> 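Let me begin by handing over the structure; questions about it come next.
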Amino acid sequence: MAKEILMYSGISSWSAESFISALEDFKDEDIVARVNSGGGSVFDGYGMITKMNEHTKNITIKVDGIAASMAFFMLPFANRVESNDVAQFMVHRADAYTPDQESKDMLGRINKSMLGKLESKIDAEKFLDETGTTLKAIFEAEEQTNVWLTANQAKKVGLIDKINVGGKMTDVVYQF
């Protein structure tokens with residue numbers, strides 16, 4: 001049975017450290033990460049994604065409520081994504097305080113990586129039909145552009161694999 005991790009908070013150094021530790025503790029087991037998060041720190045979240053990429057077993061993300069901003073960006077890096085039927089999703093380009101050129105360059109590389117991963121997972125034509133915008137437009141916008149999707153829209157564009165009606169919680173291993 002897969003080990004379950006709850007990510008029911010904003011993404012910060014503390015929650016990223018807890019998530020990464022949980023993945024390390026269960027490195028030889030399948031993971032179900034239950035997400036209900038408005039997002040948070042780009043740099044801390046990218047550390048979480050890096051650890052997800054290193055995980056040798058399957059990672060399924062189940063969105064129980066919201067996956068916005070940095071929490072949204074985690075989805076295409078999972079092996080499988082499921083969602084509650086009333087879940088909401090929001091994407092925008094990653095943004096953060098960047099005090100120097102090195103930080104700005106790193107943020108640029110993260111956005112390029114995120115866009116590439118989303119383009120490999122999401123049907124661009126269906127995304128345009130459902131949202132009225134393109135992924136490239138979101139990432140190239142001068143100002144932050146927030147695009148919201150329902151669970152049904154997320155399924156249509158290929159972001160999630162399955163919509164669950166209701167849901168049953170199983171044994172929770174970590175909660176942060």
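For this chain, numbers begin at 1 and follow the sequence in order. Everything numeric here is computed off the predicted structure, so don't read it as measured data.
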> Restricting to non-hydrogen atoms, name the atom on Gly158 and the atom on Lys121 that form the minimum distance, rounded to 0.1 Å.
O-CE, 3.3 Å

> Could you tell me whether a side-chain N or O of Ser37 sits under 3.5 Å from a main-chain N or O of Ser9, the two making a donor and an acceptor?
yes

> Checking side-chain contact (heavy atoms from CB on, under 4.5 Å) for the pair His92/Thr145: CA distance, chi angles, key distance, verdict?
CA-CA 6 Å; His92 56 213; Thr145 301; 5.7 Å; no

> Got more than 12 heavy atoms from elsewhere within 6.0 Å of NZ, Lys155?
no

> Between the side chains of Lys27 and Glu29, is the shortest nitrogen-to-carboxylate-oxygen separation below 4.0 Å, so that they form an ion pair?
no

> List the steps, then state whether side-chain contact (heavy atoms from CB on, under 4.5 Å) holds for Phe77 with Ile61.
CA-CA 9 Å; Phe77 291 90; Ile61 292 180; over 6 Å; no

> If I take atom CG from residue Asp161 and atom OG from residue Ser83, how far apart are they, to the nearest 0.5 angstrom?
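The distance works out to 10.5 Å.
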
> What is the minimum heavy-atom distance between Lys117 and Pro76, and which atoms define it?
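Of all heavy-atom pairs spanning Lys117 and Pro76, the closest is CE-O, 3.1 Å.
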
> How about Ile110 and Val42: do any of their side-chain heavy atoms sit closer than 4.5 Å?
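They are in contact (side-chain heavy atoms under 4.5 Å apart), so the answer is yes.
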
> Are the side chains of Ile49 and Met114 in touch, meaning some heavy atoms are under 4.5 Å apart?
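The answer is yes, as the side chains (C-beta and beyond) meet within the 4.5 Å cut-off.
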
> Quick one: do Trp148 and Val91 satisfy side-chain contact (heavy atoms from CB on, under 4.5 Å)? Show the steps, please.
CA-CA 7 Å; Trp148 287 89; Val91 60; over 6 Å; no

> Ignoring hydrogens and geometry beyond distance, is a side-chain donor-acceptor pair present between Ser103 and Asp100 at under 3.5 Å?
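Judged by distance alone, the side chains do pair up.
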
> Write down the atom of Phe72, the atom of Ala67, and the distance for their closest heavy-atom approach.
CB-O, 3.6 Å

> Could you check whether any side-chain N or O of Gln153 sits under 3.5 Å from a backbone N or O of Thr150, counting only pairs where one atom can act as donor and the other as acceptor?
yes

> With distance as the sole test, does Asp44 use its side chain to make a donor-acceptor pair with the main-chain N or O of Ser13 at under 3.5 Å?
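Yes.
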
> For the residue pair Ser41 and Tyr46, confirm or rule out a side-chain donor-acceptor distance under 3.5 Å.
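Their side chains do not contain a donor-acceptor pair, so the 3.5 Å distance test is not met.
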
> Is the charged tip of Lys51 near the ring of Phe19: under 6.0 Å from the six-membered ring centre and within 45° of its axis?
no

> So does Arg34 pair up with Asp64, basic N to acidic O under 4.0 Å?
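Looking at Arg34 and Asp64, the cut-off is met.
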
> Locate the shortest heavy-atom distance separating Asp28 from Thr56; write the atom from each residue and the value.
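The answer is OD1-OG1, 4.3 Å.
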
> With salt bridge (Lys or Arg N to Asp or Glu O under 4.0 Å) as the criterion, how do Arg80 and Glu82 come out once you've worked through the C-alpha distance, each side chain's angles and the decisive distance to 0.1 Å?
CA-CA 7 Å; Arg80 181 169 176 79; Glu82 299 180 14; 3.1 Å; yes

> Can any side-chain N or O of Asn58 pair as donor or acceptor with the backbone N or O of Asn79 at less than 3.5 Å?
no

> Give a yes or no on whether the backbone of Ile66 and the side-chain of Asn36 come within a donor-acceptor separation of less than 3.5 Å.
yes

> Linking I/L/V/M/F/W/Y whenever their side-chain heavy atoms sit closer than 4.5 Å, directly or via other members, would Val32 and Met48 fall into one cluster?
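Not linked; separate clusters.
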
> I'd like to know if the side chain of Asn111 and the backbone of Ala94 have a donor-acceptor N/O pair within less than 3.5 Å.
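Yes: the side chain of Asn111 pairs with the backbone of Ala94.
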
> Which heavy-atom pair separates Ala154 from Leu149 by the least distance, and what is that distance?
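That closest heavy-atom pairing would be N-CD2, 4.1 Å.
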
> Would you compute the distance between atom CD1 of Ile31 and atom OG1 of Thr60 and round it to the nearest 0.5 angstrom?
9.5 Å

> So Phe73 and Phe139, would you call those rings parallel, tilted or perpendicular, with 30° and 60° as cut-offs?
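Tilted.
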
> Does the side chain of Asp95 reach to within under 4.5 Å of the side chain of Leu107, using non-hydrogen atoms?
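Side-chain contact under 4.5 Å: yes.
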
> Lys104 versus Arg109: any side-chain heavy-atom pair under 4.5 Å?
no

> Using side-chain heavy atoms (C-beta onward) and a distance below 4.5 Å, is Met74 in contact with Ile11?
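They are in contact (side-chain heavy atoms under 4.5 Å apart), so the answer is yes.
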
> If you compare all heavy atoms of Ala151 against all heavy atoms of Ile163, which two are closest, and at what distance to 0.1 Å?
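In terms of heavy atoms, the two residues are closest at O-CD1, 3.6 Å.
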
> Counting only heavy atoms from other residues, nucleotides and ligands, does the tally under 6.0 Å from CD of Gln101 exceed 12?
yes

> Does Glu54 CD have over 12 foreign heavy atoms under 6.0 Å away?
yes

